[in-house]
Amino acid sequence: MKSSEWRTINAMTDLITTLRGRGFLQDLTPGAEARLAAGPATGYVGFDPTADSLHVGNLVPIMGLAWLQRLGGTPIVLIGGGTGMVGDPGGKRTERPILPVETIDANVRAIEGQLRRFVAFDGPTAARVRNNADWLRPLALMDFLRDVGKHFTVNYMLQKESVKARMESGISFTEFSYMLTQAYDYWHLYHADGCELQMGGSDQWGNITAGIELIARRDGVQVHGVVFPLLTAASGAKFGKSEGGNVWLDPARTSPYEFHQFWLNTDDRDAERFLRLFTFLPLERIADAVRAQAADPAGRLAQRLLAREVTALVHGEEEAARAEGAAKSIFGGGEAADADYAALAATMPSCAIASSELDGLPLVDALMRAGLASSKGEARRGIEGRGYSINGVVETDVNRRLAPGDLRQGRYVLLRKGKKNHVMVEVGQHE
RNA sequence: GGUGGGGUGACCGAGUGGCUAAUGGUAGCAGACUGUAAAUCUGCCGGGCUCUGCCCUACGUAGGUUCGAAUCCUACCCCCACCA
């Protein structure tokens, strides 16, 4: 993000205006707008520590927090190290597995690191990280029942969509109680950090309002909530999936190249919406890009801009440029020039193979190693269906074996599945 | 606790003794067409192999009947509905 594009506006009233203008506002509690117009607030968003990395599906709330800070507020990142042990019934059709405590703790640390790319941890509105394990795990059951449970009727809880949706398939008492633990989080952050705003996906509405309810009852204070729309791609597919897997922020899970490709492949119908949600670009700049896109759809300028910006935001300018260069080299037509191979290897998914193994390695095995096939049978069928290529040349021989002659730059072989999935096989110097 | 219904591949959902690795739909993957888009059409879609074929695993779990079982029997586990 270029510094010229950062806009620092102090009036907090702009938060709602900005969020609304960019499509973040699904719903907000009565009074939220007036409160935010009155001055900067401290607000929080919770993240589940169910994996050791956040994924693009988490980006909307992350951007929400970032805007909060840019417009004068203090962001709190709440990591659910305690609630992660319970599991939110919202959006889930079935009971969630409960993760071991050690796993959750490790995930908490990883996620915290990733969020540092989006919010500043210094300055007068420095972001704070809180882990609800700190107050939820020591919490005694009797205290919880008295201090939190007493303020809610089961009738109220049954009204919540997240619970209603599970009345058919069943819901455990543990997950039923989830909203109370989240309500308690809000109450705790209100007291410990003066937090007056909670943001989250629209599936969090019930949990957020439960927290507001708790604070109103115990303290007679009105706090606020804002929820973001849940994203679906125009095609109806789940947002944030690619090749059947999540698109992660962790470069070790999703390479910068793949990350860039994910955004580049955005449906035309989603491009504008995504530019507003996932970049800090001024709305006028986005409108320009959309106009250019309409004039020349094949140029896909909006997607290019989106991919460039989001990749830079998550992985840095350098990685974004590298991913863009790799895309150009691979999709520019023809086989990539020899000299490009080393550069491609730096940003694309890759897999290492010992030099002693390469000669004579069956292609089907190489494809498995590269993760481009989940079984040899699948690899064989794919080859027969003209779905795989080596260094840009379609391979149709099921019994094909790799040979030193396949190496480019002495150590690279580019395997491709379909049009878009590439893995750079890199031969190790040793062994 | 009682009565009834049910547990099939990623999901939904057929299938009531051999022709069933199991109909159909969705999702996914690949091919064609394109703009690395959408829509459409085509193929694939449990795993392995010495691959016009062969072998293994699979229809909640464990046994049993049978030449042969997802299909029949027994026990157990789990889910749902109604009643208590």
Side-chain angles (χ1 to χ4, degrees), chain A residues 91-95 97 164-173 175 232-247 255-275 289-290 292-308 310-311 323-336 344 347-349 362-365 367-368 370-390 392-401 414-423:
Chain A
K92 308 286 186 305
R93 284 185 300 182
T94 51
E95 191 81 9
K164 270 190 196 165
R166 289 279 294 279
M167 291 311 282
E168 279 289 311
S169 60
I171 179 169
S172 68
F173 178 71
E175 289 198 8
T232 43
S235 60
K238 268 191 205 114
F239 170 75
K241 301 282 186 186
S242 163
E243 297 159 45
N246 274 321
V247 176
S255 75
Y257 171 79
E258 293 172 290
F259 188 85
H260 181 266
Q261 286 289 308
F262 167 75
W263 296 103
L264 197 59
N265 282 306
T266 299
D267 192 308
D268 285 3
R269 296 167 290 179
D270 293 321
E272 179 178 11
R273 191 161 52 115
F274 288 2
L275 277 166
V290 171
Q293 172 84 332
D296 172 26
R300 295 183 311 132
L301 296 171
Q303 280 92 332
R304 286 182 206 286
L305 180 64
L306 176 68
R308 175 63 187 241
V310 185
T311 307
E324 204 171 56
K328 207 166 290 175
S329 158
I330 286 176
F331 291 100
E335 186 183 345
L344 291 175
T347 187
M348 299 201 347
L363 177 60
V364 289
D365 289 323
L367 290 171
M368 293 255 307
L372 290 174
S374 57
S375 71
K376 290 185 186 180
E378 185 185 311
R380 288 197 185 92
R381 286 191 296 268
I383 291 169
E384 283 165 3
R386 299 180 60 80
Y388 290 102
S389 68
I390 301 173
V393 179
V394 173
E395 181 54 61
T396 54
D397 178 8
V398 178
N399 298 312
R400 174 74 144 84
R401 286 164 185 274
L414 183 59
L415 297 180
R416 192 183 80 190
K417 172 188 170 198
K419 210 178 298 185
K420 305 175 190 172
N421 308 294
H422 302 75
V423 170

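By convention in this document, chain letters (A, B, ...) are assigned in the order of the sequence lines, proteins followed by strands, and residues within each chain are numbered from 1.
- Dashed line: the shortest gap from a side-chain N or O of A:K420 to OP1 or OP2 of B:A37 is under 4.0 Å.
- The shortest distance between the side-chain N/O atoms of A:S375 and the OP1/OP2 oxygens of B:G48 is below 4.0 Å.
- Residue A:R269 is classed as a sugar-phosphate contact, given heavy-atom separations below 4.0 Å to backbone atoms only.
- For A:R381, whose side chain is taken as the heavy atoms from C-beta onward, the closest listed nucleotide among B:G47, B:G35, B:C49 is B:G47.
- Contact annotation for A:G382: no contact, since no heavy-atom pair falls under 4.0 Å across all strands.
- Checking the phosphate oxygens (OP1, OP2) of B:C49, a side-chain nitrogen or oxygen of A:K376 falls inside 4.0 Å.
- The residue A:N265 sits close to a base: some heavy atom pair falls under 4.0 Å.
- The side chain to side chain donor-acceptor pair (under 3.5 Å) search around A:S255 returns A:E258, not counting sequence neighbours.
- In RNA chain B, runs of at least 3 consecutive Watson-Crick or G-U pairs, each pair with both distances below 3.5 Å, span B:1-7 with B:77-83, B:10-12 with B:24-26, B:28-32 with B:40-44, B:46-49 with B:53-56, B:60-64 with B:72-76.
- Here A:R416 pairs with A:S389, A:H422 under the side chain to side chain contact (heavy atoms under 4.5 Å, CB included) rule; sequence neighbours left out.
- With rounding to whole Å, A:R300 atom CZ is found 10 Å from B:G35 atom P.
- For the pair A:N421 and B:A30, the criterion of a side-chain N or O lying under 4.0 Å from OP1 or OP2 is met.
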